[in-house]
Amino acid sequence: MDLGITGRTAIVCASTSGLGRATAEALAAEGVQVVVCGRRANVAKEVAAGLPRAVGIGVDLLAPDGADTLMRATRSAFGPADILVLNGPGPRPARVTEIDEPELGTAVESLVTAQHRLVSLALPHMREQRWGRVLAVGSSAVVAPIQDLALSGIGRTALAAYLKMLATQVAGDGVTVNMLLPGRIATDRVRRIDAARAAESGDTVEEVTAASAMQIPLNRYGEPDEFGAVAAFLCSERASYITGSAVRCDGGQCPVL
């Protein structure tokens, strides 16, 4: 299927590894000009060098001028962004009774406030040209809470509410806004979470991973490129009638429709 986005420009936040990188690679394979960004400029440039048309930008999106810096670099390289993929590292694993107020504020800052800054800068161009895609990498915790990922669940659920309201306001301008919810995808972050669970339970990492996989109807973790393929579709011309939606990529793990 031709996704109809050849020549478009995409910013993929936190795309030096994991789900962000998988999304950047999938978009690049569809002919999209990709801005790879991360806090370490050398790593961002290394990842970008492996893609057909991409640049790597080192930027801290939690810094007050981070969003402006990224947008200026994007315009300089390719012009304004047509596609904005919101992504970022998740907060530390913790149960809701184990978090403190400063951590809660940091989670909202990193998972909602920083994204709002980027969206505010990207939207004028998208609305003017009457075409745009905003996609956020979320978590299945948005629809089914994960007890030991409380900070992530709180922050990403707040982001989901923001995006749902945004979607209704910009749909008439040809801009779609969606969230893609990963389940257990085989990334470094998931491996670290499994290692932490193993240390707490006394089981081996392999035992924790196997037990976790058994809770997934497909009986396995997803691969990053499987997630990236769904992300690329939601950013495409072919997904023009999907907006205000939370789409799960979780192997059927979430217990609700």
Side-chain angles (χ1 to χ4, degrees), residues 2-90 110-111 113-129 131-137 175-180 182 185 187-189 224-225 227-237 239:
D2 179 4
L3 295 186
I5 48 177
T6 298
R8 294 288 188 183
T9 295
I11 294 173
V12 184
C13 300
S15 48
T16 57
S17 64
L19 301 180
R21 180 168 181 170
T23 300
E25 291 173 344
L27 289 170
E30 295 297 327
V32 176
Q33 302 172 142
V34 177
V35 176
V36 174
C37 73
R39 292 186 179 184
R40 295 174 293 171
N42 61 323
V43 178
K45 291 177 181 178
E46 180 180 339
V47 172
L51 302 179
R53 293 201 63 189
V55 295
I57 306 297
V59 61
D60 180 2
L61 292 175
L62 296 184
D65 62 346
D68 286 302
T69 298
L70 179 57
M71 291 298 173
R72 285 196 302 269
T74 300
R75 286 180 177 273
S76 177
F78 298 126
D82 307 302
I83 298 167
L84 175 62
V85 180
L86 302 169
N87 184 36
S110 63
L111 296 174
T113 307
Q115 281 80 348
H116 170 65
R117 292 191 193 108
L118 287 165
V119 169
S120 297
L121 293 172
L123 271 181
H125 164 71
M126 294 181 183
R127 300 180 85 173
E128 182 180 358
Q129 71 173 0
W131 196 98
R133 299 288 183 265
V134 177
L135 177 67
V137 177
V175 180
T176 67
V177 182
N178 293 293
M179 181 175 262
L180 182 53
I185 310 292
T187 63
D188 288 342
R189 173 169 168 77
D225 63 338
F227 180 92
V230 182
F233 174 75
L234 290 173
C235 292
S236 77
E237 182 65 30

- Heavy atoms only: give me the nearest Gly38-Ala44 pair and the separation to one decimal. N-CB, 4.2 Å

- Message: Atom CD of residue position Glu237 - does it have more than 12 heavy atoms of other residues, nucleotides or ligands inside 6.0 Å?
- Response: yes

- Message: Whether the side chain of Thr9 engages the backbone of Val34 through a donor-acceptor N/O pair (distance < 3.5 Å, no angle test) should be reported.
- Response: no

- Residues Leu3 and Ser236: closest non-hydrogen pair is O-CB, 3.3 Å

- Sub-4.5 Å side-chain heavy-atom contact between Leu118 and Met71: yes

- Looking only at non-hydrogen atoms, find the nearest pair between Ala122 and Leu84 and report the distance. CB-CD2, 4.0 Å

- Can you find a heavy atom in the side chain of Thr16 that is under 4.5 Å from one in the side chain of Val36? yes

- Message: Check whether Asn87 reaches the backbone of Ala14 with its side chain - one donor and one acceptor, N or O, closer than 3.5 Å.
- Response: yes

- Nearest atoms (heavy-atom pairs only) where Ala26 meets Ala232: CB-CB, 3.9 Å

- Item | Pairwise distance CD1(Ile11) to CZ(Phe78) - rounded to 0.5 angstrom | 10.5 Å

- Heavy-atom check, side chain of Val134 versus side chain of Leu86, under 4.5 Å: yes

- Item | Close side-chain approach of Asp82 to Arg133, heavy-atom, < 4.5 Å | no

- Kindly say whether Ala73 contributes a backbone atom to a donor-acceptor pair with the side chain of Ser76 at under 3.5 angstrom? no

- Message: Pair Leu121, Asp68 - check side chain to side chain contact (heavy atoms under 4.5 Å, CB included), show working.
- Response: CA-CA 8 Å; Leu121 293 172; Asp68 286 302; 3.6 Å; yes

- Query: Do you know the tightest heavy-atom contact between Ala10 and Val32?
  - Reply: CB-CG1, 3.6 Å

- Message: Would you compute the distance between atom CG of Leu51 and atom CG of Leu27 and round it to the nearest 0.5 angstrom?
- Response: 10.0 Å

- Message: Quick check: do Phe227 and Val137 have side-chain heavy atoms less than 4.5 Å from each other?
- Response: yes

- Query: Say you draw a straight line from OG1 of Thr69 to CZ of Arg72; how long is it, rounded to the nearest 0.5 Å?
  - Reply: 4.5 Å

- At what distance, to the nearest 0.5 angstrom, does CZ of Arg21 lie from CG of Leu19? 12.5 Å

- Roughly how far, to the nearest 0.5 Å, is the OG1 atom of Thr23 from the CG atom of Leu180? 7.0 Å

- Does atom NE2 of His125 have more than 12 heavy-atom neighbours, drawn from other residues, nucleotides or ligands, at distances under 6.0 Å? yes

- Message: Can you confirm whether more than 12 heavy atoms, excluding those of Glu46, are under 6.0 Å from its CD atom?
- Response: no

- Item | Shortest non-hydrogen contact from Ser120 toward Pro124 | O-CD, 3.2 Å

- Report yes if some heavy atom in the side chain of Leu62 is under 4.5 Å from a heavy atom in the side chain of Arg39; otherwise report no. yes

- Message: Would you compute the distance between atom CD of Glu30 and atom SG of Cys235 and round it to the nearest 0.5 angstrom?
- Response: 11.0 Å

- Query: Does Trp131 offer a backbone N or O that forms a donor-acceptor pair with the side chain of Gln129 under 3.5 Å?
  - Reply: yes

